[in-house]
Number of protein chains: 2
Amino acid sequence: MPKEPLNIHNVATRAGVSAATVSRAFNFPDKVAPATRDLVERAARELGYQPNASARTLRTQRSRVLGVVLPTLLNPVFAECLQGISQAAAASGYAIVPVMTSYEETQEQQAVAQLLAANVDGMILVVSSPSDSRALERLRGAGLPYVLAYNAHPGHPCISVDGEAASAEAVARLAALGHRRIAMVSGTLAASDRAQQRYRGYLRGMAAAGLQAPPLVEVPFVATAVEALSRYLQTPTRPTALFCSNDLLAIRSMRAARLTGLSVPQDLAVMGFDGIAIGQDLTPALSTIAQPNHDIGRHGVELLVQSIARGSPPGAGDSLCLPYRFCGGESCAAAAGPAA
Amino acid sequence: MPKEPLNIHNVATRAGVSAATVSRAFNFPDKVAPATRDLVERAARELGYQPNASARTLRTQRSRVLGVVLPTLLNPVFAECLQGISQAAAASGYAIVPVMTSYEETQEQQAVAQLLAANVDGMILVVSSPSDSRALERLRGAGLPYVLAYNAHPGHPCISVDGEAASAEAVARLAALGHRRIAMVSGTLAASDRAQQRYRGYLRGMAAAGLQAPPLVEVPFVATAVEALSRYLQTPTRPTALFCSNDLLAIRSMRAARLTGLSVPQDLAVMGFDGIAIGQDLTPALSTIAQPNHDIGRHGVELLVQSIARGSPPGAGDSLCLPYRFCGGESCAAAAGPAA
DNA sequence: CTGTTAGCGCCTTCAA
DNA sequence: TTGAAGGCGCTAACAG
């Protein structure tokens with residue numbers, strides 16, 4: 001039983017019309033007589049026909065697919081963002097092709113190349129460093145619409161939050177609680193421009209509060225983060241507050257504190273950054289700078305879809321700086337008074 | 001500057017050969033003379049040429065794309081699994097198109113229809129109920145290779161763990177700790193066959209331990225889960241141990257306990273199910289049944305890739321039951337002795 | 001309003 | 001080893 005192909009011709013024959021009419025019935029229902037349309041619709045339904053996306057893409061040069069380049073899904077920030085992208089894309093009739101890069105520049109390049117070959121109509125990317133990215137150069141060269149997410153850079157269209165201001169505010173809040181020894185915890189600083197931006201904000205906030213910033217606590221390896229932090233928290237000059245570059249680090253810091261015998265927030269205040277959902281289900285609930293992860297994805301999609309509709313790629317001028325929200329939580333409290 | 005199209009013909013001209021030769025140089029490098037191959041490769045590189053995926057797909061009927069149907073990325077279980085899928089797919093030269101269904105059967109159907117039209121070479125799905133799924137019928141009818149993930153069903157190829165046995169074991173361990181009032185907490189039971197499977201295992205485990213199972217605690221809404229659980233934990237006949245249908249529920253249960261003034265694990269033991277990574281960074285670290293989420297995704301991809309290579313879809317006989325791992329954690333302890 | 005025609009870019013016989 | 005030709009399924013001019 002060699003099943004005959006389910007193409008437009010087949011449907012046309014069954015409906016007693018031409019292929020062109022079937023095509024029109026699908027793409028411009030108004031341009032076809034109601035009676036004919038019914039004929040076509042019935043034939044298509046009976047056969048279970050769906051237009052072939054590849055043929056359509058080949059012919060129209062539009063795939064209705066958006067590429068997404070992300071570091072990883074193991075950090076809920078990006079999972080939440082991708083969820084937002086997915087929903088917004090679906091609402092606009094787009095499919096998505098995500099590619100994970102593990103924070104590696106070479107993988108970013110490969111991802112872009114792969115997605116270009118796949119004929120995506122646009123791309124949303126989170127890169128490690130927009131300044132000198134070969135991947136972005138390539139993209140710009142191709143003239144394909146793209147938007148950066150989370151990254152902030154004057155030369156590219158970006159959906160981001162002002163991480164520097166947010167970090168400065170976070171520090172200010174900790175200072176207002178009476179903390180003076182506020183340390184910043186970060187992953188490898190070089191691996192992410194967000195981390196660097198947040199570090200700048202931290203330094204600014206410390207300066208504004210008239211505090212001296214202790215050395216940055218860099219925790220490069222996830223696997224040993226809790227251990228490293230525990231050791232750090234046992235030093236006699238340990239800080240009374242930690243500002244963490246992201247929520248996962250903040251959660252690990254809380255664990256390190258507990259393992260060290262410190263209670264959060266009484267002995268140690270912990271502030272995160274990102275606003276991942278699970279932070280609010282912990283006890284203590286995580287104090288953090290919440291980014292609108294879902295909306296970052298959504299706005300990225302909308303910017304792309306609009307630009308595709310109007311036929312010109314988004315530019316740096318289309319960048320959007322979304323508001324962040326300070327999320328009180330329970331992991332920060334007033335500093336203990338000096339040992340009286 | 002009307003940029004000329006970057007097609008195979010163009011490359012051929014520049015290399016001084018025919019389009020067919022360029023095609024061969026890309027697809028069967030051995031079937032072309034080394035000298036000619038160099039010519040083609042150089043021309044392609046200079047032009048930045050990459051074969052057009054849509055045209056290739058149209059011609060060969062193979063897209064090198066796998067569809068993935070998931071409930072949501074907001075539960076880290078699926079994010080971790082998708083990460084595994086993504087890596088395995090990339091390793092085999094496949095791209096992925098994920099579609100989120102919000103646990104809704106109608107969305108599952110749409111997702112399958114959409115992915116079929118997109119010419120994916122195979123699909124990995126997590127559905128709410130395989131037994132009577134219109135989506136799966138459609139898929140089977142199309143003869144497209146597919147695998148279920150997490151779902152277990154004798155009529156379909158599945159990558160899963162024995163959730164019933166695992167649940168029974170979890171209960172046995174709680175019973176061994178001296179707990180007698182062990183309640184199960186679950187989301188909407190009807191929304192997921194996994195939840196039902198785990199509930200069966202719970203009942204079996206209770207029976208085996210000679211314990212009477214209190215009524216199932218169903219927590220349908222995520223937003224009010226902590227509140228509902230807090231109320232539940234204030235009842236005088238509250239259990240001393242909670243077996244939760246998934247880790248997110250377990251985490252919320254721990255928070256509810258704390259809010260109610262109970263400490264975990266001293267006053268209340270909490271056991272989860274899933275093994276999401278973040279559970280191990282909490283304090284107390286989550287005791288749970290860990291599933292190999294990454295590997296579930298990976299095996300799904302490998303099964304599909306193999307079946308595509310051999311030209312026949314996977315069958316129920318190809319199902320894989322992966323081992324789960326009991327993860328000790330810190331959220332379960334011996335039951336407090338009876339008030340002496 | 002509908003049909004005819006041509007071609008999107010590629011692969012794959014078939015012939016040379 | 002290479003080239004020529006046809007067609008995958010669809011859409012968009014252009015006729016009618």
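Proteins come first, then strands; the chains are lettered A, B, ... in the order of their sequence lines, and each starts at number 1.
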Taking it one step at a time, do A:Ile96 and A:Val65 satisfy side chain to side chain contact (heavy atoms under 4.5 Å, CB included)? CA-CA 5 Å; A:Ile96 59 176; A:Val65 174; over 6 Å; no
Passing candidate, side chain to side chain contact (heavy atoms under 4.5 Å, CB included) with B:Val17, options B:Val40, B:Val32, B:Val11: B:Val40
Expressed as a whole number of angstroms, how long is the span from B:Asn10:CG to C:dG9:P? 9 Å
B:Arg64 CZ to C:dC10 P, in whole Å, measures 17 Å
Just how far, in rounded Å, is C1' of C:dG9 from CG of A:Asn119? 10 Å
A:Arg62 CZ to C:dC8 C1', in whole Å, measures 15 Å
Does D:dT2 have OP1 or OP2 under 4.0 Å away from a side-chain N or O of B:Ser18? no
B:Leu115: which of B:Leu144, B:Leu139, B:Val120, B:Leu66 passes side chain to side chain contact (heavy atoms under 4.5 Å, CB included): B:Val120
A:Tyr94: partners by ring pair (Phe, Tyr, Trp, His ring centres under 6.0 Å), with sequence neighbours left out: none
Could you check whether B:Glu41 pairs with B:Arg45 (Lys NZ or Arg NE/NH1/NH2 to Asp/Glu carboxylate O, under 4.0 Å)? no
Between A:Ser63 and A:Asp121, does the side chain to side chain donor-acceptor pair (under 3.5 Å) criterion hold? Intermediate values first, please. CA-CA 6 Å; A:Ser63 61; A:Asp121 289 344; 3.2 Å; yes
Annotated protein contacts, base or backbone, on nucleotides 8-14 of chain D with a non-hydrogen cut-off under 4.0 Å, one of B, S, - each: BBBBBB-
